[in-house]
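Below: one structure, written as structure tokens.
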Amino acid sequence: MAVVCLTSASGSPGVTSTAVGLAFCWPRPVLLVEADPTGGSGILAGFMKGTRPYDAGLVELALSPLSAADALRDVVRPLSPNVSLVAGTRTHAQAAALRDVWEPLGSALRELEASGQDVIVDAGRLGLMGSPQQLLDSADSTLLVTRANLPSISAARSWAETVRQPGTGWRHAGLLLIGEGQPYRYTEVSKVLGMPVVADLPDDPVAAAVYHRGDHPPRHFETGPYVRGLQAAVQSVQAHVARGRFALVEEAPR
Ligand SMILES: Nc1ncnc2c1ncn2[C@@H]1O[C@H](COP(=O)(O)OP(=O)(O)OP(=O)(O)O)[C@@H](O)[C@H]1O
Ligand SMILES: [Mg+2]
């Protein structure tokens, strides 16, 4: 199906938790790529609670003499039967070493589609040194994660103006809104940021903590509003990618 990138403008709105949550609700095999240049592998330390040591990740991929596609196979680690992970850097200082890896990695990730695997990228916060720009630009869908409050929308606004420029920005941009209606509705957020709200998730700190730091799932987690929101978000993201591909076919010269 696709390479989907999640990123934010500021304020830790929930990119990593949402990326992990979407992966665990994804209906097909999916690869999570931790491309946040902040370092420290938030997924191994958070969702996995440090139970899994870091033994390979993006840095080993960057240092490998193999092609990006072959090196990728060596650094993928299973998290569940359906979800695998490429861990990010251990420190922010390593992120600079990844500068030349994003482009070949982007091609290698797109090739995974042939093997029936989709990709969800946690691209961290925009504008950081070592940010995976080429992945953000080349993904089938790049979603700016934002809360529905004024500080979050205000920070997202300046980036939204940049990334929605045709030809210079993301191929297929959209918003993933957390806490819709707190206080702004998705129509208002979409209008201000000039991008469609592709999906929204409830503001549910207890449920989100399961994917953020490996908390024990609360009662009725699997059937509760947060997981139902993730399941609906998966469908919406898939439809958004399909629409983007259809538009590309329509635009192609005949
Ligand atoms: N849908 C949600 N509802 C409520 N709280 C959430 C939600 N998603 C994430 N959170 C909480 O928000 C906090 C930040 O989450 P997370 O680390 O996923 O954000 P982030 O955008 O990846 O941050 P950073 O930019 O620091 O990497 C955590 O406490 C997490 O539990
Ligand atoms: Mg994060």
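Read the numbers this way: they start at 1 and go in the same order the structure lists the ligands and their atoms. The chain is numbered in sequence order, starting from 1.
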### Task
Compute whether any side-chain donor of one residue and acceptor of the other, for Ser138 and Arg110, lie under 3.5 angstrom apart.
yes

### Task
Check whether any side-chain N or O of Gln94 sits under 3.5 Å from a backbone N or O of Thr89 as a donor-acceptor pair, and report yes or no.
no

### Residue-atom pairs from the protein, N, O or S only, that lie under 2.8 Å from the Mg ion (ligand 2)
Thr16 OG1

### Message
When you compare the side chains of Glu60 and Tyr54, does any donor N or O come within less than 3.5 Å of an acceptor on the partner?
### Response
yes

### Query
Within the distance-only criterion (no hydrogens, no angle test), does the side chain of Ser152 pair as donor or acceptor with the backbone N or O of Asn149 below 3.5 angstrom?
no

### Pairing of Arg147 and Asp203 as salt bridge, 4.0 angstrom limit
yes

### Task
Among Arg171, Glu113, His172, His240, find the one that has a side-chain contact (heavy atoms from CB on, under 4.5 Å) with Asp140.
Arg171

#### Entry: Check: Arg228 side chain, Thr223 main-chain N or O, donor-acceptor pair, under 3.5 Å
yes

### Summary
In Leu109, Val3, Val119, the residue satisfying side-chain contact (heavy atoms from CB on, under 4.5 Å) with Leu135 is Leu109

Would you mind listing each N/O atom of ligand 1 next to any protein N/O under 3.5 Å, plus the distance?
residue  : atom   : partner : partner atom : Å
ligand 1 : 1 (N)  : Pro202  : O            : 3.0
ligand 1 : 3 (N)  : Asp203  : OD1          : 3.4
ligand 1 : 3 (N)  : Asp204  : N            : 2.8
ligand 1 : 5 (N)  : Arg147  : NH2          : 3.4
ligand 1 : 17 (O) : His212  : NE2          : 3.2
ligand 1 : 18 (O) : Thr16   : N            : 3.4
ligand 1 : 18 (O) : Ser17   : N            : 2.8
ligand 1 : 18 (O) : Ser17   : OG           : 2.5
ligand 1 : 19 (O) : Gly14   : N            : 3.2
ligand 1 : 21 (O) : Pro13   : N            : 3.3
ligand 1 : 21 (O) : Gly14   : N            : 3.0
ligand 1 : 21 (O) : Val15   : N            : 2.8
ligand 1 : 22 (O) : Val15   : N            : 3.4
ligand 1 : 22 (O) : Thr16   : N            : 2.9
ligand 1 : 22 (O) : Thr16   : OG1          : 2.9
ligand 1 : 23 (O) : Ser12   : OG           : 3.3
ligand 1 : 26 (O) : Ser12   : OG           : 2.9

### Message
Please determine whether ring-ring contact (aromatic ring centres under 6.0 Å, His included) holds for the pair Tyr211 and Phe221, giving the CA-CA distance in whole Å, both sets of side-chain angles, and the decisive distance to 0.1 Å.
### Response
CA-CA 12 Å; Tyr211 295 123; Phe221 175 70; 5.8 Å; yes

